[in-house]
Participant: 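First the structure, then my questions, so here it is.
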Number of protein chains: 2
Amino acid sequence: MSPSRKPENSPTCCPIQVLLPDVQPLTDEEAGDLEDLFKILANDTRLKLLHHLARVEEMCVCDLSTAMEMNVQAISNQLQKLSDRKIVATRRSGNMIYYRLIDNCLIEILKQAQCLLIDSKTK
Amino acid sequence: MSPSRKPENSPTCCPIQVLLPDVQPLTDEEAGDLEDLFKILANDTRLKLLHHLARVEEMCVCDLSTAMEMNVQAISNQLQKLSDRKIVATRRSGNMIYYRLIDNCLIEILKQAQCLLIDSKTK
DNA sequence: AAGGTATTACATCGCTCCGTGTAATAGTGT
DNA sequence: ACACTATTACACGGAGCGATGTAATACCTT
């Protein structure tokens with residue numbers, strides 16, 4: 001077994017988990033899917049949207065628009081992309097269309113990502 | 001307290017975690033940092049590189065280049081970006097420069113991301 | 001010092017994306 | 001039917017990114 005590397009980078013949040021020798025290299029398809037997923041997350045507007053939805057369960061476009069002080073079209077555009085990728089779901093009630101998160105993994109990813117940022121800043 | 005949503009989207013991997021009401025909305029700076037992080041991950045070449053490094057602990061540019069059947073420049077470019085963001089570290093030994101992962105959070109993020117993909121495909 | 005290998009730096013072209021403006025669609029109330 | 005609101009569809013202009021080719025740098029061997 002490989003000698004565990006000494007904890008030069010003492011993780012502050014993630015469990016110590018040195019390597020993943022059993023993981024197969026990514027196939028082209030897997031890499032492409034992951035790329036698409038991270039592309040969706042690689043936008044500050046969408047990240048703010050997701051964080052808003054992670055807090056209040058459901059919001060409509062206009063409320064998100066005012067909360068983020070951005071045009072309705074911009075919000076709708078991004079919500080559309082999130083909806084296309086099955087990251088958010090919608091519910092209609094009269095004029096309003098309410099958006100909500102679908103998968104809990106997403107919140108976990110966002111948390112881990114912020115953790116990584118904290119790690120890299122306190123280092 | 002908000003009634004827990006019914007498990008319409010039974011998670012296959014992430015712990016049930018309905019909402020994060022205690023989380024503050026992202027500041028512009030936080031959103032920007034997260035965006036930058038996900039932008040780094042939003043590229044199939046870099047994702048493959050990270051997965052290779054997650055398996056064998058250390059690899060040099062030329063080996064990564066042959067393993068992935070890509071030009072050395074392309075590999076070097078992406079490794080440079082990963083290095084700029086403190087995601088990988090380097091070790092020189094003669095001509096060769098070996099790259100390795102720095103933060104364990106990253107592996108966790110990659111795992112969660114693949115989990116989310118599996119979720120959305122089996123749904 | 002000279003030649004060779006490994007890696008990086010820089011410029012370029014093509015592509016994608018984001019926010020905005022305009023126009024269209026869907027629902028509500030009178 | 002009409003006015004009104006909420007949301008979406010579409011085209012546009014600017015910005016950023018990725019792989020490639022060429023050139024430069026760092027290290028090793030002789």
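Reckoned from all heavy atoms, side chains included, excluding hydrogens, waters and symmetry mates. Every chain is numbered from 1, with letters handed out A, B, ... down the list of sequences.
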Participant: Does B:Thr45 place a side-chain N or O at less than 4.0 Å from the phosphate oxygens OP1/OP2 of D:dG18?
Facilitator: no

Participant: What is the distance, to the nearest angstrom, from the CG atom on A:Asn43 to the P atom on C:dG19?
Facilitator: 5 Å

Participant: With distance as the sole test, does A:Asn71 use its side chain to make a donor-acceptor pair with the main-chain N or O of A:Gln73 at under 3.5 Å?
Facilitator: no

Participant: Nearest 0.5 angstrom please: A:Arg46 CZ to A:Ile40 CD1, how far?
Facilitator: 5.0 Å

Participant: Under the salt bridge (charged side-chain N to carboxylate O under 4.0 Å, His left out) rule, what pairs show up with a residue in residues 77-96 of chain B, not counting sequence neighbours?
Facilitator: B:Glu58-B:Arg91

Participant: Angle between the two end axes of the helix from C:dA1-D:dT30 to C:dT30-D:dA1, five base pairs per end, rounded to 10 degrees?
Facilitator: 30°

Participant: May I have the distance from A:Leu49 (atom CG) to C:dC18 (atom P), rounded to whole angstrom?
Facilitator: 12 Å

Participant: Check whether any side-chain N or O of B:Asn95 sits under 4.0 Å from OP1 or OP2 of D:dC28, and answer yes or no.
Facilitator: no

Participant: Describe the nucleic acid contact of B:Tyr99 in one word from base, sugar-phosphate, nothing, applying a heavy-atom distance below 4.0 Å.
Facilitator: sugar-phosphate

Participant: With respect to the phosphate group of C:dA6, does any side-chain polar atom (N or O) of B:Arg92 fall under 4.0 Å of OP1 or OP2?
Facilitator: no

Participant: Any residue in residues 72-90 of chain A with a heavy atom nearer than 4.0 angstrom to DNA chain D? Just list them by number, or reply none.
Facilitator: A:Gln73, A:Ser76, A:Gln80

Participant: Would you kindly compare B:Tyr98 and A:Gly94 by the position of their nearest DNA chain C nucleotide and give the one closer to the 5′ end?
Facilitator: B:Tyr98

Participant: To the side chain of B:Asn71, which of D:dG21, C:dG19, D:dA19 is closest?
Facilitator: D:dG21

Participant: Among D:dA19, C:dT8, D:dT5, which nucleotide has an atom closest to any side-chain atom of B:Asp44?
Facilitator: D:dA19

